Amino acid sequence: MAYTYWLDSTDPDPVSLLPIQIFDVGENLIVPDEFTVEEKQTGMWWRHLVAGGGAGAVSRTCTAPLDRLKVLMQVHASRNNNMSILGGFTTMIREGGFRSLWRGNGINVIKIAPESAIKFMAYEQIKRLIGSDQETLGIRERLVAGSLAGVIAQSSIYPMEVLKTRMALRKTGQYNGMLDCGKKILLKEGMAAFYKGYVPNMLGIIPYAGIDLAVYETLKNAWLNRYATSSADPGVFVLLACGTISSTCGQLASYPLALVRTRMQAEASVEGAPQATMSKLFKHIIKTEGAFGLYRGLAPNFMKVIPAVSISYVVYENLKLTLGVTSR
């Protein structure tokens, strides 16, 4: 999970720099979360979404090997199998060749468009329901609206999350693409399999949203008070740094839920394996691996933050120029 930030350094309104909820750190970090009336009337909003979606696709593709390594470590690493980063990459390449590093990336890229569109539409509707006719929401309103929009968007595309995990964990020749994977899951396990791990995934939005928002605002305001007393604009790189740090703090709080979600998704694919509930899985991990076991795969997850943010920003700015997007 991550937040969307408006990073245009010409934006004079510091409140518009607040985040709203989406899902993968550094991969959609520069799509505006709100659009002006003029942008909606002229159709400029969809160009922002296309640019952001393109930036997310490139960013996810470039960091996909780290993402797959994270999933493998979440599922297979343990006290008896202390998978290292180098060992994990070696195992993936030995089993399926260099291309296997990108298993699961196709569905990860495909889900960007519906996820972003649903999130944006839900956010707009929730704004109306909570009675806000302002273009910029207050912090509490934004936290509620953004989190609910995140839940709605994630609920809509959650089967794709399950497919991504299954594709990332598959052995060579196990599935003939994502459609074959989806068909086999449906026939063997039923529709319920596409929602394994749904509860911890949704619960993870709550601590992530609150901590990310609080840390982001604290860091940004601290920088403004100390270094930019005469300006309300901290600049692009300060916002990127604040967003990266706040997202990291949010992940530390919500990561155990993400790990349990992935374990539940993976266990559903093993025939005859007991299907543990969220609480039982938490207890089992702590009992057998200790608290550290809840953070398996955290290192590659953090390793992808800076390159993901940097790639997203560069690609987004270039796509904006190509699409003729004007800055506010």
Side-chain angles (χ1 to χ4, degrees), residues 1-4 21-29 31 49-50 52-72 74-75 100-123 147-170 174-205 208 254 257-269 278 297 301 304 308 312:
M1 292 179 291
Y3 282 108
T4 312
Q21 181 75 22
I22 50 177
F23 316 102
D24 290 306
V25 61
E27 294 162 347
N28 287 305
L29 209 59
V31 185
L49 289 180
V50 170
V58 174
S59 173
R60 291 181 191 210
T61 301
C62 291
T63 58
L66 286 168
D67 195 56
R68 187 180 180 221
L69 176 62
K70 176 196 72 175
V71 173
L72 289 176
Q74 285 178 331
V75 175
S100 70
L101 297 177
W102 277 267
R103 281 182 187 168
N105 184 59
I107 191 72
N108 208 22
V109 169
I110 289 172
K111 72 185 180 70
I112 292 175
E115 185 176 43
S116 299
I118 293 168
K119 185 272 301 180
F120 171 65
M121 289 186 288
Y123 186 70
S147 295
L148 287 176
V151 168
I152 292 169
Q154 274 279 278
S155 299
S156 301
I157 59 91
Y158 192 77
M160 290 184 172
E161 292 282 352
V162 175
L163 278 176
K164 186 197 84 169
T165 300
R166 293 291 187 91
M167 294 290 286
L169 293 171
R170 81 186 192 273
Q174 185 175 358
Y175 301 120
N176 295 319
M178 64 185 73
L179 291 178
D180 182 56
C181 177
K183 182 180 177 182
K184 287 181 177 177
I185 292 173
L186 185 62
L187 292 175
K188 290 183 178 180
E189 304 167 44
M191 193 63 193
F194 288 104
Y195 286 89
K196 286 289 182 182
Y198 176 82
V199 173
N201 189 66
M202 293 302 115
L203 290 176
I205 289 177
Y208 190 100
S254 61
L257 287 162
L259 181 138
V260 168
R261 174 203 68 190
T262 304
R263 289 271 182 101
M264 291 176 73
Q265 292 173 349
E267 284 184 355
S269 65
M278 181 180 71
N301 196 54
K304 75 174 188 174
S312 287

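Just so you know, these numbers come straight off a predicted model, no measurement behind them.
Annotation: the span from D67 atom CG to R103 atom CZ amounts to 15.0 Å, rounded to 0.5 Å. Here the CD1 atom belonging to I112 is positioned 10.5 Å from the CD1 atom belonging to I157, to the nearest 0.5 angstrom. Distance check, rounded to the nearest 0.5 Å: CE of M202 to OH of Y195 gives 9.5 Å. Rounded to the nearest 0.5 Å, atoms CG (L163) and NZ (K111) are 11.0 Å apart. How far CG of N108 is from CE of M167: 11.5 Å, rounded to the nearest 0.5 Å.
In terms of modelled atom types and a separation under 3.5 Å, the side chain of T63 and the main chain of S59 share a donor-acceptor contact. R263 places a side-chain N or O within 3.5 Å of a backbone atom of Q74 that can act as its donor or acceptor partner. Under a 3.5 Å cut-off, the side chain of R68 and the backbone N or O of A168 do form a donor-acceptor pair.
Listed here is the closest heavy atom pair of P65 and T61: CD-O, 4.1 Å. Across all their heavy atoms, V260 and P200 have their closest contact at CG1-CG, 4.3 Å. Contact detail for P114 and I110: the closest heavy-atom pair is CD-O, 3.3 Å. Taking each heavy atom of F194 and I185 in turn, the nearest pair found is CZ-CG2, 3.8 Å. For L169 against L72, the heavy-atom pair with the smallest separation is CD2-CD2, 3.5 Å. Across all their heavy atoms, K304 and N301 have their closest contact at CG-O, 3.2 Å.
Using a 3.5 Å distance cut-off with no hydrogens or angles, the side chains of S155 and Y198 do pair a donor with an acceptor. Using modelled atom types and a 3.5 Å distance limit, the side chains of N201 and E161 yield no donor-acceptor pair.
At least one side-chain heavy atom of L203 sits less than 4.5 Å from a side-chain heavy atom of M278.
Using a cutoff of 4.0 Å between basic side-chain nitrogens and carboxylate oxygens, K164 and E115 are not scored as salt-bridged.
Counting only residues at least two apart or on different chains, the salt bridge (Lys or Arg N to Asp or Glu O under 4.0 Å) pairs with a member in residues 189-205 are R166-E189.
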Under 3.5 Å, sequence neighbours excluded: what are the donor-acceptor pairs made by side chains of residues 177-184?
from : atom 1 : to   : atom 2 : distance (Å)
D180 : OD2    : N176 : N      : 2.9
D180 : OD2    : K184 : NZ     : 3.3
K184 : NZ     : Q174 : O      : 3.2

